[in-house]
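Notes follow the structure.
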Amino acid sequence: MDNLRKIIEPSLESALTDIGVTGDFWKKALGTSREKAQGDLSLPCFPFAKQLGRNPAEIAEQLASSLSGDFEVAAAGGYLNFKAKSEWLAQNVMSMDLTPGNTSVLIEHTSANPNGPFHVGRARNAILGDTLVRLNRLYGNQVRAEYYVDDMGKQVGVLAWALANLSKEQVDGILNDADNINPRWAGKKDHETVRWYQAAQSIRSNEGAEDIETAIGKLVHASEHGDDVVLAQFEQAYKPVLDGMLETLSRLGIEFDTFTKESEFVVNGTVSALMERLESLEIHGVADNGAHFLDLGQRGLKGKTDFFYRRGDGSSLYATRDIAYHMWKWQQCDNLINILGEDHKLQAKQVGMTLTELGEKVPDVMFYAFIKLPEGKMSTRKGNVVFMDDLLEEAKAHAASVVRELRSDLDEGKINSIAEAVGVSAVRFNIVKVSPEKGFTFRWEEALSFEGESAPFVMYSHTRACSIARKVGRAANFDSSGEIPSAMHELLRVMSCYSDKLGQSVNENKPHIFALYMLELATAYNSFYRDCHVIKDGTVSEFNFAVSEKARVLLNQGMIGVGITPLESM
RNA sequence: GGACACGUGGCCCAGCUGGAUAAGGCGGUGGCCUCCUAAGCCACAGAUCGCGGGUUCGAAUCCUGCCGUGUCCGCCA
């Protein structure tokens, strides 16, 4: 509660000076109270006891009696507890600045190899990244969402080779019928084309596949040297797959502003220029076969210290291109954020250290742990996957059955649109609500849970507020005042934390903080809804309506921020 | 083997720049729809914060050793 903190700190500072406390270390100690009943902010007085050689409880008592303002103060067991006065809180909430952000941010997320459909594991990146994009926008920052397209190298090379050399019959023959395409996704290019990739991977591992390996190697080599004919062939191969993947993301409400191709930095010469620069660094080294590396051990990297950026044949590596890409990205914005799986930690460290060595800034990176299934790791090859397309269908179907049961008054068209919104929102929220570094086991029952800590819980509170607004049928008058029972005070208190939480979520790149805040907001609204009726016996309580409306707006905005579709009725 | 994460009630998870009886949800038990949508609300039960040391007035939080899980340790991407 930064707003409350702002009015407490000045008077607290002078009170502390009066009793002989020096320094401002206490500002850090002034924190959110653990129990709501105790207050909003609390200050432990134990550190002062040491400095002043007095009893902490006594100090707290003395401070409490000398402070006053738009807050209540009480001393308890060596703590000083502050609580905002309800009227001040109401006033404050009605006039909050909701968009203090003013930096330009480039967020690169997803950037998945365009070789097959999304499974829920790969989608964690997209959902976290897009949520960060939305939260930054909600905060007022200028955001560009970018997809880095891996359009060269082995993976695309394999796909391109397969499409050029294998017929549909050959592919079907190579792959077992067991992992045949789900008829539901027949015609969706990512699901169809991945079979060529899988078939190629399968024969590559067979005996006597040396000539295939040579052919693929030639393609890859050409792409890495910027051969435009081969790059065009690659693009033709991956483009339909990427389109299929983007279709899935679009259904999730995820869109990108820009797509940047990896090959760009090879073709335009920035990669070779970069390699020349790296060669002049003092930690530079050359291996026996002419490959170049940086000895990052000299800069404190533990474990494997040689970071290779150039092969013996003079071509670049993925990480090298990534460095060139980062240098270009820094020209586009004030702040850079990357969303990466935890498997990229070392790589990101190497790229970051090299950027530092070059005098460049290091990007913020949000790492996330993998999503696994109860049966273990997700693997397309072993058939142990849940495709995002299937999850969305299941979620929607489940939502539809719930709506049908609860709302017999609705027609199928309306049920369909509600179910789509609920399904997509629930899937996203299920992923954003947990902190990214936590390993995550996907369970159908959790993904399809529409109660408790879920998107529909928040959506439901919002529709209640919408329902009230609809019944009143006009705008609220924010100038009124009235009685403030505890449920309303609590709602006001939670609302006043909106900007703090959003700011924290954005500045620390932690979407789950704001997602969990939305649950708090919805919970507080539900209590308010129960105790503070807006419409009583046909008459409207203007003050209650104003508070309800403010909550409705915050719910609506916050939901968009975490990727929940704000329905007006469900 | 080395590096980096994670380990909190039966299950999931917050808290981790040290502070008061460890916050929610699921599941369990018991209540609440002549009252603005019960996808909701209320109550109860349930926790050696992985284990052992250390620092501190105070440790889930910091340090250290161990155990368990995950990831990485390619002139792959």
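Hydrogens, waters and symmetry mates play no part in the numbers below; they use all other heavy atoms, side chains included. A, B, ... follow the sequence lines: proteins, then strands. Residue 1 opens every chain.
Below 30°, between 30° and 60°, or above 60°: for A:Tyr498 and A:Tyr517 the angle between ring planes is above 60°, a perpendicular geometry.
A straight line from CG of A:Leu80 to C1' of B:rA20 spans 13 Å, rounded to a whole angstrom. For A:Phe450 and B:rA38, the CZ to C1' distance is 17 Å, given to the nearest whole Å. Here B:rA39 presents its C1' atom at 13 Å from OH of A:Tyr529, a figure rounded to the nearest Å. Here B:rG25 presents its P atom at 17 Å from CG of A:Asn430, a figure rounded to the nearest Å. In this structure, the CD atom of A:Glu490 is 15 Å from the P atom of B:rA23, given to the nearest Å. Per the geometry, CG belonging to A:Leu448 stands 14 Å off P belonging to B:rG27, to the nearest Å. Rounded to an integer number of Å, the gap from NZ of A:Lys372 to C1' of B:rC6 is 10 Å. For the pair A:Gln350 CD and B:rC4 C1', the interatomic distance rounds to 13 Å; values are reported in whole Å.
With sequence neighbours excluded, no residue satisfies salt bridge (charged side-chain N to carboxylate O under 4.0 Å, His left out) with A:Arg124. The side chain to side chain donor-acceptor pair (under 3.5 Å) search around A:Arg443 returns none, not counting sequence neighbours. In this structure, A:Glu72 has no salt bridge (charged side-chain N to carboxylate O under 4.0 Å, His left out) partners at least two apart in sequence or on a different chain. Applying the side chain to side chain contact (heavy atoms under 4.5 Å, CB included) criterion to A:Val267, with sequence neighbours excluded, gives A:Leu231.
Residue contacts shown for A:Ala76 include a base, since a base heavy atom lies under 4.0 Å away. Counting any heavy atom pair closer than 4.0 Å across all strands shown, A:Met570 reaches a base atom. No engagement by A:Cys466 is indicated, since no non-hydrogen atom pair under 4.0 Å with the nucleic acid exists. Looking at heavy-atom distances under 4.0 Å, A:Asn81 makes contact with a base. Within 4.0 Å (heavy atoms only), A:Ser454 reaches no atom of the nucleic acid at all. If you check every strand for non-hydrogen atoms under 4.0 Å, A:Pro56 touches nothing. Among the heavy atoms of the strands lying under 4.0 Å from A:Val403 is at least one base atom, whether or not backbone atoms are also near.
The six-membered or imidazole ring of A:Tyr309 lies away from that of A:Tyr318, with a centre-to-centre distance of 6.0 Å or more. Aromatic ring centres of A:Phe440 and A:Phe370 lie farther apart than the 6.0 Å criterion allows. Centroid-to-centroid, the aromatic rings of A:Phe259 and A:Tyr147 come within less than 6.0 Å.
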Reading 5' to 3' and counting Watson-Crick or G-U wobble pairs with both distances under 3.5 Å, write the dot-bracket notation for RNA chain B, | for bases paired outside the strand. (((((((..(((......[....))).(((((.......))))).....(((((..]....))))))))))))....
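Between the side chains of A:Asn338 and A:His344, no donor-acceptor pair of N or O atoms lies under 3.5 Å. Side-chain atoms of A:Ser548 and A:Tyr525 form a donor-acceptor pair, as typed in the model, at a separation below 3.5 Å.
A salt bridge links A:Glu549 and A:Arg552; the closest N-O separation between the charged side-chain nitrogens and carboxylate oxygens is under 4.0 Å. We find that A:Asp2 and A:Arg5 are joined by a salt bridge, their nearest charged nitrogen and carboxylate oxygen being less than 4.0 Å apart.
Annotation: B:rU29 and B:rG68 have their C1' atoms spaced 34 Å apart (nearest Å). Taking atom P in both B:rG24 and B:rC41, one finds a spacing of 13 Å when rounded to whole Å.
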Could you list all N or O pairs between the protein and nucleotides 31-34 of chain B that sit under 3.5 Å apart?
none

Every protein N/O within reach of nucleotides 7-18 of chain B N/O, cut-off under 3.5 Å:
from, atom 1, to, atom 2, distance (Å)
B:rG7, OP1, A:Lys438, NZ, 2.8
B:rA14, OP1, A:Ser435, N, 3.1
B:rA14, OP1, A:Ser435, OG, 2.5
B:rA14, OP2, A:Lys438, NZ, 2.6
B:rG15, OP1, A:His512, NE2, 3.4

Polar-atom pairs under 3.5 Å, protein N or O versus N or O of nucleotides 41-47 of chain B: list them with distances, or write none.
from, atom 1, to, atom 2, distance (Å)
B:rC41, OP1, A:Asn526, ND2, 3.4
B:rC41, O3', A:Arg530, NH1, 2.9
B:rC41, O2', A:Arg530, NH1, 3.0

Protein within reach of the bases, or only the backbone? For nucleotides 72-77 of chain B, mark each nucleotide 5' to 3' as B, S or -, using heavy atoms under 4.0 Å. SSSBSB
Sugar-phosphate means primed atoms, P, OP1 and OP2; the rest is base. With that split, encode nucleotides 58-68 of chain B 5' to 3' as B, S or - using protein heavy atoms under 4.0 Å. -----------
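Residue pairs satisfying the side-chain hydrogen bond (donor to acceptor under 3.5 Å, both in side chains) criterion with at least one member in residues 150-159 of chain A, sequence neighbours excluded, are listed as follows: A:Asn115-A:Gln155, A:Asp151-A:Ser263, A:Gln155-A:Tyr197.
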Contacts under 3.5 angstrom, residues 466-476 of chain A side chains, donor-acceptor by atom type, not counting sequence neighbours:
from, atom 1, to, atom 2, distance (Å)
A:Arg470, NH2, A:Glu568, O, 2.7
A:Arg474, NH1, A:Glu542, OE2, 3.4
A:Arg474, NH2, A:Glu542, OE1, 2.8

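Note on A:Lys302: a side-chain N or O is less than 4.0 Å away from OP1 or OP2 of B:rC4.
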Please lay out, stage by stage, how A:Phe450 and A:His398 fare under the test ring pair (Phe, Tyr, Trp, His ring centres under 6.0 Å). CA-CA 9 Å; A:Phe450 296 162; A:His398 186 234; 4.8 Å; yes
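An anti orientation is assigned to B:rC44, its glycosidic angle lying beyond 90° of 0.
Taking CG of A:Leu43 as the reference point, atom NZ of A:Lys27 lies at 12.0 Å (rounded to 0.5 Å).
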